[in-house]
Structure formats: C-alpha cells, structure tokens
Amino acid sequence: MSAREILHFINGQYVPSASGKLFDDRSPVDNRVIARVHEAGRPEVDAAVAAARAALSGPWGRMPVAERAAMLYAVADGINRRFKDFLDAEVADTGKPVSLASHLDIPRGAANFKIFADTVKNVATEFFEMPTPDGAGAINYAIRVPKGVVAVVCPWNLPLLLMTWKVGPALACGNAVVVKPSEESPATAALLGEVMNEVGVPPGVYNVVHGFGPDSAGEFLTTHPDVDAITFTGETRTGSAILRAAASDIKASSMELGGKNPAIVFADADMNVALEATARSVFANCGQVCLGTERVYVERPIFDEFVKRLGDAARIMKPGRPEAEDTKIGPLISLEHREKVLSYYELARQEGATVVAGGGVPDMPDDLKQGAWVQPTVWTGLPETSRVVREEIFGPCCHVTPFDTEEEVIRLANDTPYGLAAAVHTTNLSRAHRVGAKLDVGICWVNSWFLRDLRTPFGGTKHSGIGREGGVHSLEFYTELRNVCIKL
Ligand code: NAD
C-alpha cells in the first residue's frame, strides 16, 4: 500500500507541488513512513502569499469583528467535532501518548481560536483630548488594522497548539496567514484547511505550504517581499537566521525561541509538590517542551532526597505505544533529534557526570526498536560550565546542582543566554515574590509548572525571544495601531 500524500492548502484548495518533489513523514514510534509530503517551491509559496493578499481585499477584509469572531468560534468547534481525526494525525506525526495529546494538544489547539476571538471583541483602543492654541482643541483616537499577510513558521513539539497560538490571534485581528508547519509534523496544519472550508472561512485566509527551512518553503516564505510580518517559534539559531532575512524588508517579527529553564527547590518547599511539578517539567512530551526544565537547583539540606526521588520518577516513566493506557512517555520526534540528545548523554558521561537515572536507549520490543526512544535521564556532578548544563538539549533530561543561599541560586539560574521560563518551589511567601521577580525570564511559576492563563503575556527574554503573545499582547503584534488626530 502506498503512503497517503499530504498536500499544500492554498486559496481553499488542496494542491500538489508543481515540481513533483515529495518527502517522507516518518513515525517516531517505529520509523515507518506514514505519509509523503509535497515540498513547496517558490511557485507554491508565491501562490499562497498571493491568495492571502487577495483575501484581505475580499469578504474577509470587510467582515465585521463580531462576525469574524463567530467564525473563529466555529473553527474551534469544527476542530472539536473532528477531535479524533486531529488526535490521530498529531499522534501519528509525533508519537506522543494519546493521553497527553487528548488533554493538551487538541483541546488547547481548538481553544486558541476562542480566546483570541473573545479578546478582539472586548478590547478598546485609546482616546486623548488635547488643547490647541485657538482653544477649540483636538481629539486623538487609535484604530487597529491588521498587519496584512502573516507568515507563521512552526516547530514540531506541539504542532497544532503552537500553530493556532499564532493563527488564532492573527485571524482574529483580520490578517490572512501562510503557515509553514514543521517538516516533522505537517498533518494537523493540513487537516485544519478542511475545517476552515467546512465553516466557511473565505479562501486565501488560511494557507499551508510544506517543506523545510533553508532553501525550501521556510526560507521562501520568510524572505517573500509580499509578506508583512513573520511569527516564528523554534530554535534560537533559526530565529536569528530568519531575523537576518527579515531585516532587509523591515518585516515585523515575533520570535518565540529556545530555553534552558531552571527549577529552584528551596528546603522549605513541599517536597511532593516540588517533585511532581519538576518531574513533569523535565519529562513531559519526552522533554520536548520549550518551557521544560533542564537545570534543577536544590537547596543542600534536601538535595540527596530530592535527587533520589527524581531518579525514581524518571525510572517509572514507562515508554510505549501512544495508544497504550500505561504509556507515560513517547519517543523523541526523530532519529536525527535522538542523535543530538544522545550526543549530550555521551558528553555528560565523558565529563564525569553521575548518572542518577537513564543515560541511554531503552530496550523496546519488536518494531518499536526502530523508533526514536531515549531513557529519561537525571545527572548530577557537572560544573555549571559544562555544555550539558548550558545548552538546550530538548530531551527528557536534567542536571541537578546543590545550592546554599538565595543570592547564589538567583545568580546560577540567571547565568544563561536564555530567559524563557523558571519554576520556584518554596512555602515562604516573601521569598517566592522576591525570587520570582529577580529571575530574568518571561514566565516564572511558583509551586507549579505549565499553568497557563492565555490572557497573560507569554514570551522570552535574552536569546529566548522577542515580543509577547497572549491576550491583548498578541494584538500588539498582529495589528498596526494608527492614530487619527482631529482638530475640532
Ligand atoms: P527549528 O528552529 O529547527 O524549526 C522550526 C521551524 O522553522 C520549522 O518549521 C523549520 O522548517 C523552520 N525553519 C528552519 N530553518 C529555517 C530558515 N532558515 N528559514 C525559515 N524557516 C526555517 O525548531 P524545532 O526543532 O522545530 O523546534 C524545537 C525548538 O523550538 C526548540 O529550540 C524549542 O525550545 C523551541 N520552541 C520554543 C517555543 C517558545 O514558545 N519559545 C515553543 C516551542 C518550541
């Protein structure tokens, strides 16, 4: 049986690549080819951008906000109506446990349309009265207009969720989008085209082109002269390449990039809460969460107990088929990514780390042997200068370091080029506020992890990103604010 094909979605229609170029979409569970994906060349990217541009001057461009918002509610409902299709597609591409994708990826992927539909309906703009020399005065008011054609370039770790996190607000604000999903996880972005058509989103408002980054769809899209803005989530290095390309056209760019996030556990923390949250933040989605923890700092009096129990937590993360109820952890996204993660496992060993748990590849049965499995891993004993402690690995692993004082741990936590997220565990209220405010990150959790109110600002400092998305903050990126000054 030949594998099914995944096509581009341009101007409301599924189309193949004119070049006839296709690439394999493989399951990370067993490395089997699950689909063949059309790779966009410049002609497909041109067509998608032209369709998006044309949509802005069609019915979409004239649609009142309330109607647009209602349409986005219908998109969310459409995803939920086809929940199983989205779930199957996401799980096939990523290998993540069904239990995770059914609670996180798909429902949150749908919810992103509703939250931003609500936001645009309810946000006011500013108004100022001013005096003038003749005494008559003037008034100023701001209006929000869409940016125009927005390029949306996405990663593979939470494909639908992170894509709609951008497409939701972009469409709510009246833009048209061209999405370039990750080459590793093209299926749900493609499937969303069906929902857009089903609920009557006009052709050209939502387009999808498939392919890779450099010299492929990603580069063709982000360097396209008729794209007005780029919103990107992915690696810091890629973000930097896209920013360089965007500079020549002065394209507005929103960057959600990598992290090397710390978790800080004080001796006064509730041990069970701190352990549960930290284990989740290290191992969830096989460590492939940008907000995940890879550096853990534990106050010395509880260091040994914490390390032992975190190692125990790693050992009970049972790998297995996505649909099996007892599966606690899936594979990494690809064999290529596994090579990268295993290179850090090897480096940790060479540098003399104590391997508390894991450190290798689990013994998987049958066809699963071909998949991208790694063991959840906990290390201690490395210096802070080690590449294992400094570089983003993006796997189910962390290094645990003891500390003695609050000042010391703040310095250690901030000593990184990244600044995405942090978690602090303490029952001392003053300390929670004090430390939370001193960590140079976009989001700091206290006694929790991954608790997300979608109205709050989300983004990174330093090499973790530029700009904030979420709630009204997304409007700052997806609209242009114009001031009208009227002399009375
Ligand atoms: P990646 O940077 O390799 O790829 C992301 C996307 O960019 C893909 O669609 C890829 O095809 C495209 N791309 C690559 N090179 C390009 C180029 N030169 N021009 C245009 N497009 C290009 O990232 P990934 O491996 O898919 O995702 C993992 C990374 O994403 C990690 O670093 C993780 O921390 C980060 N991430 C960040 C956030 C956040 O919100 N800050 C969220 C999730 C993931």
Side-chain angles (χ1 to χ4, degrees), residues 23 25 28 37 39-40 45 93-94 104-105 108 112 151-166 178-186 188-189 208-224 227 230-247 251 253-261 284-294 332-334 336-341 372 391-395 416-421 441-443 450 452 454 457-470 473-474:
F23 61 93
D25 179 13
V37 189
E39 181 181 353
V45 174
D93 269 356
T94 60
L104 179 66
D105 298 68
R108 272 277 304 279
N112 282 337
V152 181
V153 182
C154 310
W156 43 257
N157 57 333
L158 298 158
L160 181 71
L161 189 162
L162 291 177
M163 190 252 298
T164 61
W165 175 243
K166 293 168 178 302
V178 180
V179 175
K180 210 299 279 171
S182 167
E183 54 274 30
E184 305 284 359
S185 54
T188 45
V208 182
V209 290
H210 301 289
F212 303 85
D215 201 28
S216 184
E219 184 184 323
F220 302 153
L221 179 61
T222 51
T223 56
H224 199 289
V227 162
I230 302 169
T231 175
F232 171 76
T233 301
E235 278 192 38
T236 297
R237 218 180 16 195
T238 313
S240 169
I242 291 177
L243 279 175
R244 272 196 300 277
K251 286 191 197 336
S253 306
S254 165
M255 295 279 139
E256 294 189 355
L257 309 176
K260 186 75 181 174
N261 309 307
N285 207 35
C286 201
Q288 304 165 117
V289 181
C290 57
L291 302 165
T293 301
E294 290 193 359
L332 292 169
I333 189 67
S334 63
E336 191 189 353
H337 185 50
R338 182 170 74 165
E339 251 176 61
K340 174 186 158 185
V341 172
E391 297 176 7
E392 182 185 50
I393 301 173
F394 223 51
T416 166
Y418 293 107
L420 192 53
V441 292
I443 180 164
F450 212 70
R452 289 278 297 117
L454 304 182
F458 177 87
T461 67
K462 301 192 273 184
H463 288 192
S464 291
I466 301 178
R468 293 291 178 273
E469 296 189 18
H473 308 283
S474 289

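Order of listing sets the numbers, starting from 1, for every ligand and every atom in it. These values consider heavy atoms only, across backbone and side chains, with no hydrogens, waters or symmetry-generated copies.
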Heavy-atom pairs closer than 4.0 Å: do any link ligand 1 to the side chain of [X], the backbone, both, or neither?
X      : value
Leu420 : side chain
Glu184 : neither
Cys154 : backbone
Leu158 : neither

Atoms of ligand 1, numbered as shown, that sit under 4.0 Å from any heavy atom of [X]:
X      : answer
Pro181 : 9 (O)
Phe458 : 40 (O)
Gly258 : 32 (O), 34 (O)

- Message: Please check: side-chain N/O of Lys260 versus main-chain N/O of Glu391, any donor-acceptor pairing under 3.5 Å?
- Response: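 Present.
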- Item | Glu184 side-chain N/O to Asp93 backbone N/O, donor-acceptor pair under 3.5 Å |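 No: the side chain of Glu184 does not pair with the backbone of Asp93.
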- Pro214 heavy atom under 4.0 Å from ligand 1: yes
- Message: Measuring from non-hydrogen atoms of Gly465 to any atom of ligand 1, is the shortest distance under 4.0 Å?
- Response: no
- Between Val152, Thr238, Asp215, Leu161, which one has a non-hydrogen atom sitting closest to atom 3 (O) of ligand 1? Thr238
- Message: My understanding is that we take every heavy atom of each candidate and find the minimum distance to atom 23 (O) of ligand 1. Doing that for Glu469, Gln288, Glu235, Met163, which one comes out nearest?
- Response: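 Answer by nearest heavy atom: Glu235.
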- Message: Does any N or O of ligand 1 fall below 3.5 Å from an N or O anywhere on Leu257, backbone included?
- Response: yes
- Task: May I ask you to check if ligand 1 and Thr236 share an N or O to N or O distance below 3.5 Å?
- Result: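 Looking only at distances, the answer is no, because the N/O contact criterion of under 3.5 Å is not met.
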- Query: When you measure from atom 39 (C) of ligand 1 to every protein heavy atom, which one gives the shortest distance, and what is it?
  - Reply: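 For atom 39 (C) of ligand 1, the nearest protein heavy atom is Cys290 SG, 3.3 Å.
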